[in-house]
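Data block below; observations after.
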Amino acid sequence: MVSVLRLGHRPERDERMTTHVGLTARAFGADTFYIPEMDTGIKETLEDVSQRFGGDLCASEVEDWKRLVTEWNGDVIHLTMYGQDINEFFEEMGDEIKEPLIIVGAEKVPREVYERADHNVSVGNQPHSEVAALAVFLDRLNEREIPPFPDGKMKIVPRKEGKSVIDRSEIPDLDKCLEFMFERDMDEGLMKHTFSVLDRTVELYLEHGGDLELLMAGALLHDIGRTVTHEVEHGIEGSRLIREKGWSKDLARMVERHIGGGITKKEAAEQGLPERDMVPETLEEKIICHADNTAGGEERLRDMIERTKEAGYKESAERMKKLADEFEENICYKNNQ
Ligand code: SAM
């Protein structure tokens, strides 16, 4: 358990800075954030962030910080520019740090903090900020692993460009997906295929990662549009049904993009479909597309590639192969070319 104590908070001017200390503590895996005078605004902000993005940082007002420090059952580590060098500290202490209480100050920290702390540690001997010092220290404590927050409603998907946020509250769980499949009267053959796509999806997830909740819902509902039509439009129809339910846009997009190797805007126009890009882009979209192409084994993939080529969609067949290259080490079509 890692705790952070923020000293010297001045309610009239430090609200933003102290909130950032709390956010940094949370993001780098602290369990408890203590401050002697907890502004309600700070507590609310931290709780709101945890509710949306996960984790359960406990933000707590501590009446007597001197007592907290004196009675602390673990290592009290005070971050200060005057302290022992951080590298030296971690070399000396290594794995021996127990239940750390990390103290950061504001303008001036009382002398007794230096005296009561088990360790005074500096992150470089230049003056900078409590947020920077805390972030660097926690990063070292975590051995440079950024902790995950798997239980957040909102999940930010790292991207080189643009923003991608998955809102989990809009992703139907297993029960809701099954209920909808029955409500739409999916036939037995389609159910069987759906479950083998789910199987494949889990295999691919275990090897390549992704957002499991989104993947499960995507696998179960990828062909829900076939309850409307078995034509190529079934992706678009499935996406419409999901949007009508008010469910996740990411899920709707995933269902729309699962056909073959995806459909480009140009191909959509040629086929009389709505002119938009329906090629899988995200990891999850690609996994569902590839799981659907390989749910019956390599044979199905080779078949689908052949049929797609014969139908005149050479580029789409190439995209299917490219997906296979991305996800599989050895796949038979390579030997059959
Ligand atoms: N004189 C202060 C000190 O002891 O580091 C600088 C005050 S600074 C505005 C506020 C807080 O930032 C400090 O109480 C300390 O926790 C942290 N801090 C600033 N520079 C630091 C450094 N180089 N190493 C470790 N902590 C630092």
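All ligand and atom numbering here is 1-based and tracks the order in the structure.
- Looking at Y114 against ligand 1, only its side chain comes within 4.0 Å, counting heavy atoms.
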Subject >> Chi angles and distances behind the salt bridge (Lys or Arg N to Asp or Glu O under 4.0 Å) call for R52, D48 >> reply: CA-CA 6 Å; R52 284 188 294 139; D48 176 60; 3.2 Å; yes

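- Between V123 and ligand 1, a contact under 3.5 Å exists for at least one N or O pair.
- Considering all non-hydrogen atoms of both residues, C289 and G260 come closest at SG-O, 2.9 Å.
- Inclusion of G105 in the set of residues having an N or O under 3.5 Å from an N or O of ligand 1 is warranted.
- Look at D250 and R253 and you find a salt bridge, because one of the NZ, NE, NH1 or NH2 atoms lies within 4.0 Å of a carboxylate O, short of that distance.
- Grouping the Ile, Leu, Val, Met, Phe, Trp and Tyr side chains by contacts below 4.5 angstrom, directly or via other members, places V49 with M38.
- By the criterion of a heavy-atom distance under 4.0 Å, neither the backbone nor the side chain of A132 is placed next to ligand 1.
- In terms of protein heavy-atom proximity, atom 12 (O) of ligand 1 is closest to E130 N, 3.1 Å.
- Not a single N or O atom of P127, backbone or side chain, sits closer than 3.5 Å to an N or O atom of ligand 1.
- At under 3.5 Å, not a single nitrogen or oxygen of N125, backbone or side chain, sits near a nitrogen or oxygen of ligand 1.
- Atom 5 (O) of ligand 1 has M81 N, 2.9 Å as its closest protein atom, hydrogens excluded (heavy atom only).
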Subject >> Verdict with supporting geometry, E306 and R302, salt bridge (Lys or Arg N to Asp or Glu O under 4.0 Å) >> reply: CA-CA 6 Å; E306 278 319 306; R302 273 189 282 130; over 6 Å; no

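- Among protein heavy atoms, the minimum distance from atom 27 (C) of ligand 1 is reached at A133 CB, 3.6 Å.
- Aromatic ring orientation, H119 versus F89: perpendicular (interplanar angle above 60°, classes split at 30° and 60°).
- Considering backbone and side-chain atoms alike, H128 places an N or O below 3.5 Å from some N or O of ligand 1.
- Residues M254 and L178 are members of one and the same hydrophobic cluster, defined by side-chain heavy-atom contacts under 4.5 angstrom among Ile, Leu, Val, Met, Phe, Trp and Tyr.
- Both the backbone and the side chain of V104 come within 4.0 Å of ligand 1, counting heavy atoms alone.
- An N or O contact shorter than 3.5 Å is missing between V109 and ligand 1 by distance.
- Within ligand 1, counting atoms from 1 as listed, the ones closer than 4.0 Å to a heavy atom of S122 are 24 (N), 25 (C).
- With no hydrogens or angles considered, no side-chain donor-acceptor pair links H208 and E326 at under 3.5 Å.
- The shortest contact between atom 7 (C) of ligand 1 and any protein heavy atom is with A106 O, 3.3 Å.
- Contact annotation for K108 and ligand 1: no heavy atom of the residue comes within less than 4.0 Å of the ligand.
- The backbone of Q126, and not its side chain, has at least one atom closer than 4.0 Å to an atom of ligand 1 (non-hydrogen atoms only; backbone = N, CA, C, O).
- Checking side-chain atoms of D187 against main-chain N and O of L190 turns up a donor-acceptor pair under 3.5 Å.
- Inspection of the S196 and R200 side chains reveals no N or O donor paired with an N or O acceptor under 3.5 Å.
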Identify each donor-acceptor pair in which a side-chain atom of residues 90-109 lies under 3.5 Å from a protein atom, sequence neighbours left out, and give them as a table.
residue : atom : partner : partner atom : Å
E92     : OE1  : Q84     : NE2          : 3.3
E92     : OE2  : Q84     : NE2          : 3.3
E107    : OE1  : R10     : NH1          : 3.4

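- Tracing side-chain contacts under 4.5 Å through hydrophobic residues (I, L, V, M, F, W, Y), one reaches L46 starting from I156; they form part of the same cluster.
- Checked by distance only, ligand 1 and H78 stay at 3.5 Å or farther apart across all their nitrogen or oxygen atoms.
- Less than 4.0 angstrom separates some heavy atom of Y82 from each of these atoms of ligand 1: 1 (N), 4 (O).
- With ligand atoms numbered from 1 in the order given, ligand 1 contributes 22 (C), 23 (N), 24 (N) to contacts under 4.0 Å with heavy atoms of G124.
- The closest donor-acceptor contact from the side chain of N142 to the backbone of F28 lies under 3.5 Å.
- Less than 4.0 angstrom separates some heavy atom of E107 from each of these atoms of ligand 1: 7 (C).
- Among all non-hydrogen protein atoms, the one lying nearest atom 16 (O) of ligand 1 is L79 O, 2.6 Å.
- Listed by number with element, the atoms of ligand 1 under 4.0 Å from a non-hydrogen atom of T80 are 3 (C), 4 (O), 5 (O), 24 (N), 25 (C), 26 (N).
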